[in-house]
Each structure stands twice: as structure tokens, then as C-alpha cells.
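What follows is a short report on a single structure.
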Amino acid sequence: MTDYRAEKQIDQDVTDAFTYLSDPANLPQYFPHMKSAKLVAPELVRTTAVVDTDGDGTEEKVTGEAWFHADPDAHEITWGSPGSGDYRGSLKAAEGDGSTLLTLLIHTTDDHPGIQEGLDEALNAIAERLADQSSR
């Protein structure tokens with residue numbers, strides 16, 4: 001089992017950040033390999049991603065379903081993929097002094113190259129998207 005963690009402080013209100021993060025339609029805007037995400041049932045999201053599934057450098061399109069839960073009181077989203085080992089993740093927005101601390105965690109039984117970099121990339125994309133929205 002492998003756990004990955006990334007954090008980033010952003011200059012955004014925690015409620016605004018959580019509102020953006022908790023909408024499954026926004027997932028492809030910040031997860032680097034995700035191409036689409038659609039809520040297909042309460043707390044069930046169908047996603048399509050382009051990933052290197054076997055580590056040989058060849059990417060392929062993968063579609064699957066995952067549970068997705070948004071907890072507005074905790075400002076946290078959690079998700080997991082049924083039937084694919086023990087894959088799950090969470091993204092929490094915690095209020096700071098006029099800013100928000102984002103903490104992204106991934107737990108998986110598989111070790112894939114690039115996961116840590118993908119987490120950092122996702123947090124940077126969230127910060128950029130939210131900054132763009134604030135400047136409008």
C-alpha cells in the first residue's frame with residue numbers, strides 16, 4: 001500500500017474553494033489525466049482518463065465509475081474506485097488566516113510513476129482556476 005500527500009496554501013475563501021471542488025464536473029479541470037467526469041447517480045461519478053496503465057509509456061483511454069462524497073461541514077471530498085484494489089482519495093479545504101490550505105491524499109495498493117507530481121499539478125491547477133474565477 002502506498003500513500004501520497006500534497007498540500008498547498010491558496011488565497012481563496014474556504015467556502016468558495018469547497019464549492020468549486022465539490023462539483024464533480026470540475027474534476028477534469030484539475031486532475032491532469034482526467035478528460036471527463038459526470039455524476040450518474042447520487043454519489044456515483046463516471047470518469048474517463050488517459051493514463052499509462054502498465055508503466056510502458058503508452059497512454060490509453062480508461063473509463064470507470066467511482067463513489068464521490070462531498071462533506072460541506074468538513075469542507076472535504078472523498079472518492080474511491082470500487083473493485084480496483086484499495087484506491088481512494090480525499091481533498092480537504094481548511095480555513096487559515098485569510099487563505100485556505102488544500103490537502104490532497106491518495107491511497108493505493110499500486111505504485112504508479114508520476115502520482116506525486118500529479119498531485120502537485122492538481123493543486124496548482126486548482127489554485128489557478130480559483131484565482132481566475134476570483135478575478136472575473
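Since the structure is predicted, the reported quantities are computational estimates derived from the model, not experimental observations.
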With rounding to the nearest 0.5 angstrom, report the OG to NE2 distance, Ser22 to His69. 11.0 Å
Distance (rounded to the nearest 0.5 Å) between Thr103 OG1 and Leu101 CG: 4.0 Å
Correct closest heavy-atom pair for Met34 and Pro28 would be O-CB, 3.5 Å
Grab the two heavy atoms, one from Leu102 and one from Leu91, that are nearest each other, plus how far apart they are. CB-CD1, 4.5 Å
Are Arg46 and Thr63 side-chain neighbours, meaning at least one heavy-atom pair lies under 4.5 Å? yes
Before you tell me yes or no, could you show the steps for Thr78 and Arg88 under side chain to side chain contact (heavy atoms under 4.5 Å, CB included), namely the whole-Å CA-CA distance, both residues' side-chain angles and the distance that decides it to 0.1 Å? CA-CA 7 Å; Thr78 54; Arg88 63 185 182 278; over 6 Å; no
Is there a donor-acceptor pair under 3.5 Å between the side chain of Lys61 and the backbone N or O of Thr48? no
Here the gap from His107 atom NE2 to Ser90 atom OG, rounded to the nearest 0.5 Å, amounts to 11.5 Å
Do Tyr20 and Gln133 have side chains that get closer than 4.5 Å, going by heavy atoms? yes
ILVMFWY cluster, Leu39 and Trp79 together (side-chain gap under 4.5 Å): yes
At their closest point, which heavy atom of Asp120 faces which heavy atom of Ala6, and how far apart are they? OD1-CB, 3.4 Å
Looking at every heavy atom in both Leu44 and Glu65, which two are closest together, and how far apart are they? CD2-OE1, 3.7 Å
Go through it in stages, so that I can follow the logic: the residues are Tyr4 and Gln116, the test is side chain to side chain contact (heavy atoms under 4.5 Å, CB included), and I'd like the CA-CA distance, side-chain angles, deciding distance and then a yes or no. CA-CA 6 Å; Tyr4 298 90; Gln116 188 64 53; 3.7 Å; yes
Neighbour count above 12 (heavy atom, 6.0 Å) for Asp16 CG: yes
Report the C-alpha distance between Phe68 and Leu27 in whole Å, list the side-chain angles of each, state the deciding distance to 0.1 Å, and finish with yes or no for side chain to side chain contact (heavy atoms under 4.5 Å, CB included). CA-CA 11 Å; Phe68 181 92; Leu27 292 169; 4.1 Å; yes
Following the transitive rule for hydrophobic clusters with a side-chain heavy-atom cut-off under 4.5 Å over Ile, Leu, Val, Met, Phe, Trp and Tyr, establish whether Leu130 and Val14 coincide in one cluster. no
Indicate the atoms forming the closest heavy-atom contact of Ile77 with Tyr30, along with that distance. CD1-OH, 3.9 Å
I'd like to know if the side chain of Thr100 and the backbone of Gln12 have a donor-acceptor N/O pair within less than 3.5 Å. yes
Do side-chain atoms of His33 reach the backbone of Val50 as a donor and acceptor pair under 3.5 angstrom? yes
Point-to-point distance, once rounded to the nearest 0.5 Å, from CG of Leu21 to CZ of Arg129: 12.5 Å
Anything under 30° is parallel, anything over 60° is perpendicular, the rest tilted; go ahead and classify Phe18 against His75. perpendicular
In short, Lys8 meets Leu123 closest at the heavy-atom pair CD-O, 3.7 Å
Under 4.5 Å between any side-chain heavy atoms of Ile126 and Phe31, yes or no? no
